[in-house]
J.: 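Dropping a structure here in C-alpha cells format, bear with me for questions.
Count residues from 1 along the sequence. Only this structure's heavy atoms are used, side chains among them; waters, hydrogens and symmetry mates stay out.
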Amino acid sequence: SFPATLLRGAGRLIAAWPLNENLNDLSANGLHLRPEGRVRIAAGSLALTGSGWVQRSGLAPELFPASGWTLSFWFRAGDHGPIFSAWDAVRSRASLRVTLAADGAVVVQAWGRGLLRQWTNASVRAVAAGSGWHQALLAWRPTTGLTLYLDGTLSCSSVALSVGATLLQPARLDRLRLGAESGPAEWDAPYVGSLATVLCFGEWLDEAAARALYALGHEGDPGELLRADADADGLPDCWEEAWLETREMTGNDDPDGDGLDNAAEQARGCDPLKADSDGDGLDDGDEVTVHHTDPLKADSDGDGLGDG
C-alpha cells in the first residue's frame with residue numbers, strides 16, 4: 001500500500017526515463033522522455049559517460065507546473081558531475097541544475113523570479129552517507145520552496161524561491177539534459193557514473209512519498225505505482241487519487257453525470273469530474289455514444305468546425 005500523496009503524484013507522472021520495460025509506454029500519463037541511442041541501458045540503470053547523455057528539446061509546460069513538481073533519481077556513491085539541468089533559452093543560462101560533487105554531496109541550484117519580480121536563486125546541498133546506491137528526491141512548491149530528501153529522509157530546504165516566486169519558466173526552456181550540463185556545446189561537462197529510476201512528477205511530494213519511493217529500491221519497479229489497485233475496483237489507485245482525490249468510488253460511478261462511468265473516463269483519458277472534458281459544448285457521454293466524436297477534441301475531424 002502506497003501513501004496517498006505518492007499515488008496522487010504517480011497519477012501525474014509526466015516524465016520517466018524508461019529504465020524498466022514496465023515504464024516503456026507512459027504516453028497516457030503525459031510527456032514521455034526516451035533516451036537517445038548513445039545512452040547505454042544496462043542492469044536497470046543508465047551508464048552515463050562523457051559521450052552518453054539524455055536530451056529533450058522543446059519542453060512541454062506541464063514538465064514544471066507552477067503548483068509544484070518533484071524530481072526523483074538514484075545515483076551511486078563515488079560518481080560525480082552534472083546530473084540534471086534545464087536550460088532557459090531567453091536568459092541563456094540553466095534555470096535548474098543538479099550536480100553530484102566529488103565529496104558525495106547532492107547540490108541543487110535554481111533560479112526564478114522573486115516577490116518583486118527580481119531574479120533570485122536558491123541552493124541546497126546534502127551529503128549522502130555510505131557507499132552503494134542512494135536516492136535523491138527534489139520537491140518544489142510555491143509555499144515551501146525547494147526541499148531535498150536523501151534516502152527517504154529530509155536533508156535540507158530553502159524558502160528563497162517560495163511564496164510569490166516563479167521557479168522556472170517552461171515556455172522559455174528549450175532543452176533539458178540528464179547526464180550533462182545544459183548549455184552551449186563548449187560548456188558541456190559530463191556526468192561520470194550511473195543513474196537509475198529517474199522520475200519527474202507534476203506534483204509536490206512529501207516525506208511519506210519520499211520514504212515510499214526509497215523503499216522501492218533502485219532496482220524496484222516504479223510501474224507498481226501505476227498498476228496498484230488496492231480496492232480491486234478496476235481503477236488504478238493513482239488515477240483515483242489524482243483525478244477523484246478519493247478511493248471511495250468504483251468504476252461504475254459517474255460523479256459528473258455525463259453518461260460515462262469512471263471506468264470509461266479512465267480508459268479514454270477524460271476528466272471524471274467534468275461533464276465536457278474538451279469544452280466543446282457536448283457532454284463526454286453524448287460524444288461517445290450519440291455523436292461518435294472524440295471527447296478530448298473540440299474539433300474531432302479537424303475541419304475547422306467545432307463538434308458542438
J.: Which pairs pass side-chain hydrogen bond (donor to acceptor under 3.5 Å, both in side chains) with one or both residues in residues 269-278, sequence neighbours excluded?
T.: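 Applying side-chain hydrogen bond (donor to acceptor under 3.5 Å, both in side chains) to every pair that reaches into residues 269-278, excluding sequence neighbours, yields Ser277-Asp284.
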
J.: Could you work out, with salt bridge (Lys or Arg N to Asp or Glu O under 4.0 Å) as the rule, every residue matching Asp79, not counting sequence neighbours?
T.: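 Expected list: Arg76.
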
J.: Does Arg125 have any salt bridge (Lys or Arg N to Asp or Glu O under 4.0 Å) partners at least two apart in sequence or in another chain, and if so, which?
T.: Asp103

J.: With a 3.5 Å distance limit and no angle check, can you tell me whether Asp283 reaches the backbone of Asp286 through a side-chain donor-acceptor pair?
T.: no

J.: Partners of Glu203 by salt bridge (Lys or Arg N to Asp or Glu O under 4.0 Å), sequence neighbours excluded?
T.: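 With sequence neighbours excluded, Glu203 shows a salt bridge (Lys or Arg N to Asp or Glu O under 4.0 Å) to Arg12, given in chain and number order.
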
J.: Quick one: hydrophobic cluster around Val107, which other residues, with the 4.5 Å side-chain cut-off, linked directly or via members?
T.: none

J.: Applying side-chain contact (heavy atoms from CB on, under 4.5 Å), can you list everything that pairs with Ala77, at least two apart in sequence or on another chain?
T.: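 If we apply the side-chain contact (heavy atoms from CB on, under 4.5 Å) test to Ala77, skipping adjacent residues, the hits are His134.
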
J.: Please enumerate all residues that pass side-chain hydrogen bond (donor to acceptor under 3.5 Å, both in side chains) together with Ser72, with sequence neighbours excluded.
T.: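 Scan of Ser72 (side-chain hydrogen bond (donor to acceptor under 3.5 Å, both in side chains), adjacent residues dropped) gives Gln135.
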
J.: Which ILVMFWY residues can you reach from Leu273 by hopping between side chains whose heavy atoms are under 4.5 Å apart?
T.: Leu235, Trp239, Trp243, Leu244, Met249

J.: If you look at every heavy atom in Asp256 and Ala275, which pair is closest and at what distance?
T.: OD2-N, 3.6 Å

J.: Tell me, please, which residues at least two apart from Phe2 pass ring pair (Phe, Tyr, Trp, His ring centres under 6.0 Å).
T.: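 Checked Phe2 against ring pair (Phe, Tyr, Trp, His ring centres under 6.0 Å); zero matches.
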
J.: Going by the rule side-chain hydrogen bond (donor to acceptor under 3.5 Å, both in side chains), which residues pair with Glu287 if we only count those two or more places apart in sequence or in a different chain?
T.: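 Glu287 satisfies side-chain hydrogen bond (donor to acceptor under 3.5 Å, both in side chains) with Thr293 once adjacent residues are dropped.
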
J.: Would you please classify the geometry between the His218 ring and the Trp74 ring as parallel, tilted or perpendicular, with 30° and 60° separating the classes?
T.: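 Tilted, since the angle between the ring planes falls between 30° and 60°.
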
J.: To check you understand the geometry: which heavy-atom pair defines the closest contact between Ala209 and Thr5, and what is its length?
T.: CB-OG1, 3.8 Å

J.: Quick one: hydrophobic cluster around Leu296, which other residues, with the 4.5 Å side-chain cut-off, linked directly or via members?
T.: none

J.: For Asn252, what residues pass the side-chain contact (heavy atoms from CB on, under 4.5 Å) criterion, not counting sequence neighbours?
T.: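 For Asn252 the side-chain contact (heavy atoms from CB on, under 4.5 Å) partners, ignoring immediate neighbours, are Thr250, Asp261.
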
